[in-house]
Amino acid sequence: MQKIKNLAYLFVMLLVLSSCGEYQKVLNRGTVEEQYKMAVRMYEAQKYSKALRLFEKITPSYRGKPQMERIQFMIAQSSFNVKDYTSAGYYFKRFTRNYPKSSKKEESAFLSALSYYKASPRFSLDPSDTKKALQSFQDFIDNYPNSEKLVEANKYYAELRGKLEKKAFEIAKTYYRTADYDSRNYRAAIVAFDNLLSDYLGTKYKEEALFYRLKAAHDFVLKSTERRKAERIKAAIKAYEKLKKSFPESKFMKESDIMLSTLNKEQEQLVKS
């Protein structure tokens, strides 16, 4: 029995070695047609890294030929399957541009967005792929309103938007937290909170953003020279009024009322001086 097992193992190993040898021979010395056929074989066998090496070699020879449509899709799909999601997003998107009448256009548009989604890092890191994914899903939703993938696309879109929204909120808060070391960051925080509130209407961070915007404006007044205080006090009081109007029962109102009292006192001292 053990002898049969050993022979079976040896037979499998010989097949693997033979296959590897054939692949290397075609990769290094095969004709373009042989390389194309081998690339398709590797793709269908789900050996995507090997397929990509061959597709890379044959692409220049097939530009403008009918096979190129199939090759471009397999390159995109192979990149996706080896988890090179940024490249996959690019290749799927290029496929939709190059082959607008293809039966795979809708699928490619969705997979392009999904690729960028998978490449998208957590909110605190570089948002480039997140923004690409968000725009790609928006394009897909606009272009394919009846797609069976619409619900899934909307779900991913909402998740990505939430990620960018959180990043914008945390950046604004970081400006505020570091303003003690650099007073210019009070102004940067105010601008960042304003941008958050205008870019993400109805944001779940609105109450907290309005509060921190008031804090930044209030603290900016206290760090200001007499010459600049008057206009900054008015801006800070306006920030208070906006918070109170939007959230009259806000959990931040007690602290906000204390800040308003300080601002009024600063204003009275300016009038007296």
Side-chain angles (χ1 to χ4, degrees), residues 15-121 125-150 152-154 156-157 160 164:
L15 282 177
V16 170
L17 290 171
S18 173
S19 175
C20 290
E22 183 187 2
Y23 171 80
Q24 288 296 331
K25 180 181 177 182
V26 172
L27 176 68
N28 295 322
R29 298 188 300 278
T31 64
V32 172
E33 185 178 353
E34 288 170 339
Q35 289 173 342
Y36 171 73
K37 289 179 180 178
M38 178 62 75
V40 174
R41 271 180 59 191
M42 293 295 104
Y43 175 83
E44 291 175 345
Q46 299 182 10
K47 297 178 180 179
Y48 299 111
S49 294
K50 288 186 173 182
L52 281 168
R53 290 181 67 190
L54 286 159
F55 284 134
E56 185 179 344
K57 293 195 74 169
I58 67 174
T59 292
S61 300
Y62 280 96
R63 284 200 179 99
K65 296 182 179 179
Q67 296 94 325
M68 196 60 204
E69 179 178 343
R70 188 184 182 198
I71 289 170
Q72 279 202 10
F73 185 84
M74 287 190 290
I75 288 172
Q77 189 70 67
S78 295
S79 298
F80 185 90
N81 287 325
V82 298
K83 299 184 179 181
D84 182 1
Y85 295 122
T86 299
S87 294
Y90 167 77
Y91 288 131
F92 278 123
K93 188 171 186 177
R94 191 172 72 172
F95 181 90
T96 64
R97 290 198 306 263
N98 289 349
Y99 303 100
K101 296 181 180 180
S102 172
S103 61
K104 291 186 176 293
K105 184 184 177 184
E106 180 180 335
E107 181 184 0
S108 294
F110 180 80
L111 287 173
S112 176
L114 184 61
S115 297
Y116 286 128
Y117 167 84
K118 287 181 174 290
S120 172
L125 300 177
D126 179 12
S128 299
D129 283 322
T130 304
K131 290 179 178 178
K132 288 177 184 175
L134 191 69
Q135 186 59 57
S136 295
F137 275 121
Q138 182 63 70
D139 291 342
F140 181 84
I141 292 164
D142 291 343
N143 293 329
Y144 303 99
N146 299 315
S147 172
E148 62 181 26
K149 292 285 189 180
L150 192 63
E152 194 175 351
N154 277 310
Y156 288 132
Y157 180 88
L160 291 161
L164 290 177

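Values below: every heavy atom of this structure, side chains too, minus hydrogens, waters and symmetry copies.
Annotation: Tyr43 is in aromatic contact with Tyr48 [ring centroid separation under 6.0 Å].
Minimum heavy-atom separation, Ala88 to Ser115: CB-OG, 3.5 Å. Considering all non-hydrogen atoms of both residues, Leu150 and Tyr144 come closest at CD1-O, 3.8 Å. Across all their heavy atoms, Ser108 and Thr96 have their closest contact at CB-CG2, 3.6 Å. Across all non-hydrogen atoms, the minimal contact from Ala119 to Thr86 is CB-OG1, 3.6 Å. The minimum heavy-atom distance linking Lys93 with Ser112 is given by the pair CB-OG, 3.5 Å. Of all non-hydrogen atoms in Glu69 and Ser102, the two that sit nearest each other are OE2-OG, 2.9 Å.
You'll find the side chain of Met68 reaches within 4.5 Å of the side chain of Ile71, heavy atoms only. Met38 is not listed as a side-chain neighbour of Leu27, based on a closest heavy-atom distance of 4.5 Å or more. In this structure, the side chains of Tyr157 and Gln138 come closer than 4.5 Å at one or more pairs of heavy atoms.
The aromatic rings of Phe80 and Phe92 sit perpendicular to each other, their planes meeting at more than 60°, with 30° as the lower class boundary. Taking the six-membered ring where tryptophan is involved, the planes of Tyr117 and Phe137 are perpendicular, since the angle between them exceeds 60° and thus also 30°.
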For Gln77 and Met74, run side chain to side chain contact (heavy atoms under 4.5 Å, CB included): C-alpha distance rounded to whole Å, both residues' side-chain angles, the deciding distance at 0.1 Å, then the answer.
CA-CA 5 Å; Gln77 189 70 67; Met74 287 190 290; 5.6 Å; no

Passes side chain to side chain contact (heavy atoms under 4.5 Å, CB included), Ile75 versus Thr59? Steps please.
CA-CA 10 Å; Ile75 288 172; Thr59 292; 3.7 Å; yes

Step-by-step side chain to side chain contact (heavy atoms under 4.5 Å, CB included) determination, Lys132 to Tyr90
CA-CA 10 Å; Lys132 288 177 184 175; Tyr90 167 77; over 6 Å; no

Test log, rule side chain to side chain contact (heavy atoms under 4.5 Å, CB included), inputs Tyr62 and Val32:
CA-CA 9 Å; Tyr62 280 96; Val32 172; 3.3 Å; yes

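Listed for the Glu152 side chain is no donor-acceptor partner under 3.5 Å among the backbone atoms of Lys149. With hydrogens and angles ignored, the 3.5 Å screen pairs no side-chain donor or acceptor of Lys118 with any backbone N or O of Lys83. Although no hydrogens or angles enter the test, the distance criterion places no donor-acceptor pair under 3.5 Å between the side chain of Gln72 and the main chain of Tyr91.
The distance from the CD atom of Gln135 to the CG atom of Asp142 is 8.5 Å, given to the nearest 0.5 Å. Rounding to the nearest 0.5 Å places CD of Glu22 at 9.5 Å from CD of Glu34. Note that CG of Leu111 is 10.5 Å distant from CD of Glu106, once rounded to the nearest 0.5 Å. Interatomic distance, Gln46 CD to Ser78 OG, rounded to the nearest 0.5 Å: 10.5 Å. A distance of 11.5 Å separates CG of Leu54 from OG of Ser49, quoted to the nearest 0.5 Å. Distance NZ/Lys57 to CG/Asn28: 6.0 Å, rounded to 0.5 Å.
Note that Lys50 lies in the cation-pi zone of Tyr23, set by a 6.0 Å cut-off to the ring centre and a 45° limit from the axis.
Gln67 CD: more than 12 foreign heavy atoms inside a 6.0 Å radius. Residue-environment remark: CZ (Phe55) exceeds the threshold of 12 foreign heavy atoms within 6.0 Å.
Residues Glu44 and Arg70 are paired through a salt bridge, judged by an N-O separation under 4.0 Å between the basic side chain and the carboxylate.
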